[in-house]
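The block underneath contains the structure these notes are about, expressed in structure tokens.
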Amino acid sequence: VRELASRLQVIKTTDVHTDTVIMWINIYNYQSKQHREQQALLDLISILVAEWGPKVQHIVCGGDWNASISPRTGYSTDSLTSTADKRLSTWLKSNSMNTLKTVEPINPTWCSHSHEQSAVLDRFLVRLPNTPTCMVLPAQHVVHDHSIICMSLDAVSYTHLRAHETLMN
């Protein structure tokens with residue numbers, strides 16, 4: 001369990017003005033060749049969503065899933081990666097996860113050094129009032145081999161913190 005937990009960061013925030021509670025989950029999933037570990041991490045997220053989902057208004061779960069639900073470029077259809085993709089797709093349709101919307105960029109988030117293979121391996125799963133947009137930033141991450149993705153959140157999900165001067169009154 002400790003090893004699984006090292007691949008997730010879970011934060012619960014409360015908007016001080018509206019009492020809106022958001023559960024934020026960041027994932028760094030195992031590689032496709034690590035079948036059991038990959039499934040175990042997905043199962044752990046299912047447990048978190050099942051336990052905390054009823055206690056929060058919104059859920060934002062994103063990161064590197066090391067699997068794709070979009071078509072890949074340059075991959076064999078009968079491989080470890082296709083098995084990981086099927087695993088993720090099946091998990092997303094499961095009862096515990098089907099209340100979340102998948103938000104992912106159109107452009108690939110990973111590309112091989114030779115540029116012969118590419119895939120969308122990074123995405124968000126959200127339970128929000130509106131479906132946000134997601135895009136790949138043009139700059140490559142300085143440490144990791146994946147592109148940086150970002151998602152726009154509607155102001156309905158949170159309120160802006162008031163200016164420091166108004167909080168002092």
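These numbers come from the heavy atoms of this one structure, side chains and all, not from hydrogens, waters or symmetry mates. Numbers here are sequence positions counted from 1.
- No continuous path of ILVMFWY side-chain contacts below 4.5 Å connects Ile148 to Ile25, so the two sit in separate hydrophobic clusters.
- Between the Arg127 side chain and the Gly53 main chain, a donor and an acceptor come within less than 3.5 Å of each other.
- Considering CG of Leu88 and CD of Gln38, their distance stands at 8.0 Å, rounded to 0.5 Å.
- When only modelled atom types and interatomic distance are considered, Thr133 and Ser152 share a side-chain donor-acceptor pair under 3.5 Å.
- Annotation: the span from His35 atom NE2 to Thr83 atom OG1 amounts to 6.5 Å, rounded to 0.5 Å.
- Within 6.0 Å of atom CD in Glu3, more than 12 heavy atoms from other residues, nucleotides or ligands are found, so the atom counts as buried in its surroundings.
- Looking only at distances, a side-chain donor or acceptor of Thr109 sits under 3.5 Å from a matching main-chain atom of Asp122.
- Residue-environment remark: OH (Tyr28) stays at or below the threshold of 12 foreign heavy atoms within 6.0 Å.
- Summarising the geometry of Pro54 relative to Ala50, their closest heavy-atom pair is CD-O, 3.3 Å, with the distance given to 0.1 Å.
- In this structure, the separation between CG on Leu92 and OG1 on Thr102 is 5.0 Å, given to the nearest 0.5 Å.
- Taking both residues in full, the closest heavy atoms of Asp85 and Ser68 are given as OD1-N, 2.7 Å, listed atom of the first, atom of the second, then distance.
- Remark: side-chain polar atoms of Ser82 are paired, donor with acceptor, to backbone N or O of Thr77 under 3.5 angstrom.
- Linking Ile, Leu, Val, Met, Phe, Trp and Tyr residues whenever their side-chain heavy atoms come within less than 4.5 Å leaves Ile22 and Val56 in two separate clusters.
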Worked check of side-chain contact (heavy atoms from CB on, under 4.5 Å) between Lys55 and Met23: CA-CA 9 Å; Lys55 301 171 187 171; Met23 180 172 63; over 6 Å; no

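- Heavy-atom minimum distance, Gly62 versus Phe124: CA-CD2, 3.7 Å.
- Within 6.0 Å of atom CG in Asp78, 12 or fewer heavy atoms from other residues, nucleotides or ligands are found, so the atom counts as exposed in its surroundings.
- No continuous path of ILVMFWY side-chain contacts below 4.5 Å connects Ile59 to Val103, so the two sit in separate hydrophobic clusters.
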May I have the step-by-step check of side-chain contact (heavy atoms from CB on, under 4.5 Å) for Val60 and Met151, ending in yes or no? CA-CA 10 Å; Val60 177; Met151 178 178 66; 3.6 Å; yes

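- Scanning for side chain to side chain contact (heavy atoms under 4.5 Å, CB included) contacts around Gln9 gives Asn26, with sequence neighbours left out.
- Proximity of a side-chain donor or acceptor of Trp65 to a complementary backbone N or O of Arg123 within less than 3.5 Å is detected.
- Taking OG1 of Thr131 as the reference point, atom NZ of Lys101 lies at 3.5 Å (rounded to 0.5 Å).
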Show your reasoning for whether side-chain contact (heavy atoms from CB on, under 4.5 Å) applies to Ile45 and Met97. CA-CA 9 Å; Ile45 294 172; Met97 300 310 295; 4.2 Å; yes

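- Across all non-hydrogen atoms, the minimal contact from Val120 to Pro105 is CG2-O, 3.9 Å.
- Counting heavy atoms of neighbouring residues, nucleotides and ligands inside a 6.0 Å radius, atom NZ of Lys33 does not exceed 12 of them.
- Looking at Gln39, its side chain never comes within 3.5 Å of a backbone N or O of Arg36 through a donor-acceptor pair.
- Looking only at distances, no side-chain donor or acceptor of Thr14 sits under 3.5 Å from a matching main-chain atom of Val21.
- When the side chains of ILVMFWY residues are joined at heavy-atom separations under 4.5 Å, either directly or via intervening members, Leu125 and Ile27 end up in a single hydrophobic cluster.
- Between the Thr90 side chain and the Lys86 main chain, a donor and an acceptor come within less than 3.5 Å of each other.
- No donor-acceptor distance shorter than 3.5 angstrom exists from the side chain of Asn29 to the backbone of Asn66, with no hydrogens or angles considered.
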Worked verdict on Trp110 versus Asp64 for side-chain contact (heavy atoms from CB on, under 4.5 Å): CA-CA 10 Å; Trp110 181 86; Asp64 177 1; over 6 Å; no

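- Around NZ of Lys93, the count of heavy atoms belonging to other residues, nucleotides or ligands within 6.0 Å does not exceed 12.
- Trp91 places a side-chain N or O within 3.5 Å of a backbone atom of Leu42 that can act as its donor or acceptor partner.
- The backbone N or O of Gln117 sits less than 3.5 Å from a side-chain atom of Ser112, completing a donor-acceptor pair.
- Residues Val49 and Ile69 share a single hydrophobic cluster, defined by chaining ILVMFWY side chains whose heavy atoms lie under 4.5 Å apart.
- Residues Leu137 and Cys150 share a closest heavy-atom pair of CD2-SG, 3.6 Å.
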